[in-house]
Structure formats: structure tokens, C-alpha cells
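This one's a predicted model, so the numbers in the text were calculated from it and none came from an experiment. Because only heavy atoms are used, hydrogens play no part in the values below, and waters and symmetry mates are left out as well, while side chains stay in.
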Amino acid sequence: MLFALLCKDKPGHLNVRMETRPPHLEYLNGLNAEGTLKIAGPFLDDEGKACGSLIIVEAETKEAARALADADPYAKAGLFESVEVKAYNWVFNKPEA
């Protein structure tokens, strides 16, 4: 099952995002290599600066998806103000469709 991880950065924490970016990308590359990661990228504010993340993963349960979110170096560094985990149904432009 697919899950969307909707991550909102804490205000004024762009420096945390930038400092933690290399291990975050390494983490996502690992998820991608094992086939767990489907889509990932930052949300942008009106000035074009990153202010959150959208990550879509495949997991057995919502709890497993939450564990993936919690293991992200961004989450461990305290970047996120909130992380919402929602079941997701990819309908249009799905590569396997």
C-alpha cells in the first residue's frame, strides 16, 4: 500500500534542512534502491525556498510508513513541525499502470 508523508518544516529551520540534506538524501536513496520510495521532493514557499517535504512510500501498514518517516534524518534532526501519514491511491500517470 502507498502512503504519503506530508512533512511541514518548523519556521526558521531552513539551516537545519540544509545541514541535514546529505544524510536525508542518502536515506532516500536507500529507500529507492529497495523499491520502497515512489516519489519525493520539497514543498516550496512563496519565495521558492523549501518549507516541507512530500514523500510517497510503499509500506505494509500505516505504522510501518510512520516508522519510515521517523527514521528520516530530517525528522531525527527536529526539522519537522508536523508529519502527517495518509494512505494514498496513485491513479493517474502511475508508471506501472
Side-chain angles (χ1 to χ4, degrees):
M1 177 174 241
L2 296 178
F3 293 91
L5 312 178
L6 305 164
C7 311
K8 181 178 179 184
D9 291 4
K10 291 177 183 171
H13 277 63
L14 184 58
N15 63 317
V16 174
R17 175 177 279 275
M18 299 316 296
E19 291 166 4
T20 314
R21 190 167 189 265
H24 166 73
L25 293 179
E26 184 177 329
Y27 177 69
L28 292 183
N29 279 325
L31 293 179
N32 192 48
E34 64 189 37
T36 301
L37 180 67
K38 301 304 176 189
I39 296 173
F43 289 116
L44 304 176
D45 64 16
D46 292 340
E47 297 173 1
K49 294 181 182 171
C51 61
S53 299
L54 169 64
I55 302 170
I56 298 180
V57 296
E58 187 168 3
E60 291 292 320
T61 64
K62 186 173 185 177
E63 292 76 19
R66 170 62 70 179
L68 292 171
D70 291 345
D72 188 316
Y74 279 169
K76 289 181 175 184
L79 172 63
F80 299 134
E81 179 177 274
S82 64
V83 177
E84 189 174 358
V85 179
K86 298 185 77 141
Y88 179 75
N89 183 22
W90 193 348
V91 176
F92 288 95
N93 297 321
K94 185 175 180 181
E96 302 88 54

When every non-hydrogen atom of A64 is compared with those of A59, the smallest separation belongs to CB-CB, 4.1 Å

Check: Which atom names give the shortest non-hydrogen contact between A69 and A75, and what distance separates them?
Finding: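 So the two residues come closest at O-CB, 3.4 Å.
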
Can you give me every donor-acceptor pair (side chain of residues 79-91, partner residue at least two apart or in another chain, under 3.5 Å) with its distance?
residue, atom, partner, partner atom, Å
E81, OE2, K8, NZ, 3.3
W90, NE1, F92, O, 3.0

Under 3.5 Å, which donor-acceptor pairs link side chains of residues 31-38 to any protein atom two or more places apart or in another chain?
residue, atom, partner, partner atom, Å
E34, OE2, T36, OG1, 3.0
K38, NZ, G35, O, 3.0
K38, NZ, E58, OE1, 3.3

Under 4.5 Å between side-chain heavy atoms, counting indirect links through other Ile/Leu/Val/Met/Phe/Trp/Tyr residues: same cluster for [X] and [Y] or not?
| X | Y | value |
| --- | --- | --- |
| L5 | I56 | no |
| L2 | V57 | no |
| V16 | L25 | no |
| I39 | L6 | yes |

task: Report yes if some heavy atom in the side chain of L28 is under 4.5 Å from a heavy atom in the side chain of I55; otherwise report no.
output: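 Heavy-atom side-chain distance check passes, below 4.5 Å.
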
request  = Flag the pair L54 / F43 as yes when at least one side-chain heavy-atom distance between them is below 4.5 Å, and no otherwise.
outcome  =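 Yes, close enough: below the 4.5 Å cut-off.
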
With sequence neighbours left out, the residues meeting side-chain hydrogen bond (donor to acceptor under 3.5 Å, both in side chains) with H24 are D72

Is there any side-chain hydrogen bond (donor to acceptor under 3.5 Å, both in side chains) pair reaching into residues 42-51, and which pairs are they, with sequence neighbours excluded?
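Matches after skipping sequence neighbours: none remain.
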
Can you pull the side-chain hydrogen bond (donor to acceptor under 3.5 Å, both in side chains) pairs that have at least one residue in residues 11-20, sequence neighbours excluded?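 Counting only pairs at least two positions apart or across chains, the side-chain hydrogen bond (donor to acceptor under 3.5 Å, both in side chains) contacts touching residues 11-20 are D9-R17, R17-S53.
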
Joining Ile, Leu, Val, Met, Phe, Trp and Tyr whenever any side-chain heavy atoms lie under 4.5 Å apart, the cluster holding L14 also takes in M18

